[in-house]
Protein chains: 2
Amino acid sequence: MKNKNIRKNSPVPLKECGVFSAADLVGDKWTLLILREAFYGIVRFDDIRVDLNIPRSVLTNRLKKLVANNIMYREPYREDNSRTRYLYMLTPQGASLAPVIIALMQWGDHYIKKGNSPLTLLHKESGEQLKVAIVRENAEDVSLTDISININE
Amino acid sequence: MKNKNIRKNSPVPLKECGVFSAADLVGDKWTLLILREAFYGIVRFDDIRVDLNIPRSVLTNRLKKLVANNIMYREPYREDNSRTRYLYMLTPQGASLAPVIIALMQWGDHYIKKGNSPLTLLHKESGEQLKVAIVRENAEDVSLTDISININE
DNA sequence: CAACCTAAGTATCAATTTAGAACCTAGGTA
DNA sequence: TACCTAGGTTCTAAATTGATACTTAGGTTG
């Protein structure tokens, strides 16, 4: 794929390209960070807002778009002795973005943070460290439910 | 990692998070698409501009930022009987974003294009199909130079 | 039951960013 | 010498953002 060959145009028309569709839905700084929050389990409007320091109106719009596109869903819930609140959770389609978010994290930790990764993803059963990578189709993936987060130091 | 546990805040402060750093540099629709072009080998200003239909001023700014952050580099070159031109190519750091772009492509093709992937990535030697996935640390990655693109249909 | 509290929004507006178009320019070709 | 063209810059209107203030609907408390 890495290419000394210079092309004038894409082998795939832009509108048919998955990168284009995906970038249109989640290719935006705040949206990517909101997805990060969702993977961490930070799923209430105000918790996300405070944790990311994102303007309310921007958060509202991003969540609306994510819900409208079946990447997240809004669910009422209540803790004991507390009023009803809403959770913004990942749908299966949203959860499938995990490789994107983890690949970004891996790249950011390695190249920008110079290898000082603040957390490591581990395989729950074996404790082995995990990564996102380009692999053969038949390689065994680790499912999201089998991942545990380890905070370094 | 998928989490019924609700947290109020991130286990990792935002500024130390690789997703944050990465999203700051490449978390933007046009930037992601420019990287797509680079992986395809579309690396001249005007070719990128026409292929993406991106405004000149936006393309200029995005390329400046990518070059300033060592994700792409600008290289003069000339074909025979033609004047000097410039190529915007991926640095090793930029090429390391391949899993991000391919993961987006995979997700977009599967969920938005409903499985009609216009192209498939193949392992050059074995012809096996490739994917981006969360795998064990010791799983064997396929390097960018070993990938060939197959256009479906 | 009235007053109040709080999560989850709307509303408003200045400041920034974008899209689109016109213009510029340097090196090479005719 | 005149012109062509890739690779920009400049300009402006329109859209988006960030910051702050305001609203609302349920639940709890006096």
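Note: hydrogens, waters and symmetry copies are ignored here, and every other heavy atom, side chains too, is used.
In this structure, A:Asp46 atom CG and D:dT24 atom C1' are separated by 15 Å, rounded to whole Å. A straight line from CZ of A:Arg78 to P of C:dT6 spans 17 Å, rounded to a whole angstrom. Atom-to-atom, OH of B:Tyr86 to C1' of C:dG28 comes out at 13 Å; the value is rounded to the nearest Å. We find that CG of A:Leu59 is positioned 13 Å from C1' of C:dT10, with the value rounded to whole Å. One interatomic measurement links the two molecules: CD1 of A:Ile34 to P of D:dT17, which rounds to 11 Å at whole-angstrom precision. Rounding to whole angstrom units, CG of residue B:Leu63 and P of D:dA6 are separated by 16 Å. Between B:Arg44 atom CZ and D:dG8 atom C1' the separation is 15 Å, expressed in whole Å. At whole-Å resolution of the value, NZ in A:Lys65 and C1' in D:dA15 are 14 Å apart.
Listed by first then second residue, pairs satisfying ring-ring contact (aromatic ring centres under 6.0 Å, His included) with a partner in residues 85-110 of chain B read B:Trp107-B:Tyr111, not counting sequence neighbours. Within the structure, the salt bridge (charged side-chain N to carboxylate O under 4.0 Å, His left out) test picks out no pair touching residues 101-117 of chain B (sequence neighbours left out). Sorted by first and then second residue, the salt bridge (charged side-chain N to carboxylate O under 4.0 Å, His left out) pairs involving residues 130-142 of chain A (not counting sequence neighbours) are A:Lys131-B:Asp141, A:Arg136-B:Glu128, A:Arg136-B:Glu140, A:Glu140-B:Arg136, A:Asp141-B:Lys131.
Contacts of A:Asn9 classified as side-chain contact (heavy atoms from CB on, under 4.5 Å), with partners at least two apart in sequence or in another chain: A:Arg7, B:Asp51. A search for ring pair (Phe, Tyr, Trp, His ring centres under 6.0 Å) contacts involving B:Phe45 returns nothing, not counting sequence neighbours.
The side chain of B:Thr60 sits closest to D:dG8 out of D:dG27, D:dG8, C:dG9. Here D:dT9 is the nucleotide among C:dG28, C:dA7, D:dT9 with the atom lying nearest to any side-chain atom of B:Lys64.
Between the side chains of A:Asn150 and A:Thr120, no donor-acceptor pair of N or O atoms lies under 3.5 Å.
Not one side-chain nitrogen or oxygen of A:Tyr77 sits closer than 4.0 Å to the OP1 or OP2 atom of C:dA8.
Residues A:Arg74 and A:Arg83 each lie close to DNA chain C; by heavy-atom proximity, the contact nearer the 5' end of the strand is made by A:Arg83.
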Per-nucleotide protein contact string for nucleotides 15-22 of chain C (B base, S sugar-phosphate only, - none; heavy atom under 4.0 Å): ---SBB-B
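In this structure, CZ in B:Phe39 is found 10.5 Å from CE in B:Met105, a value given to the nearest 0.5 Å.
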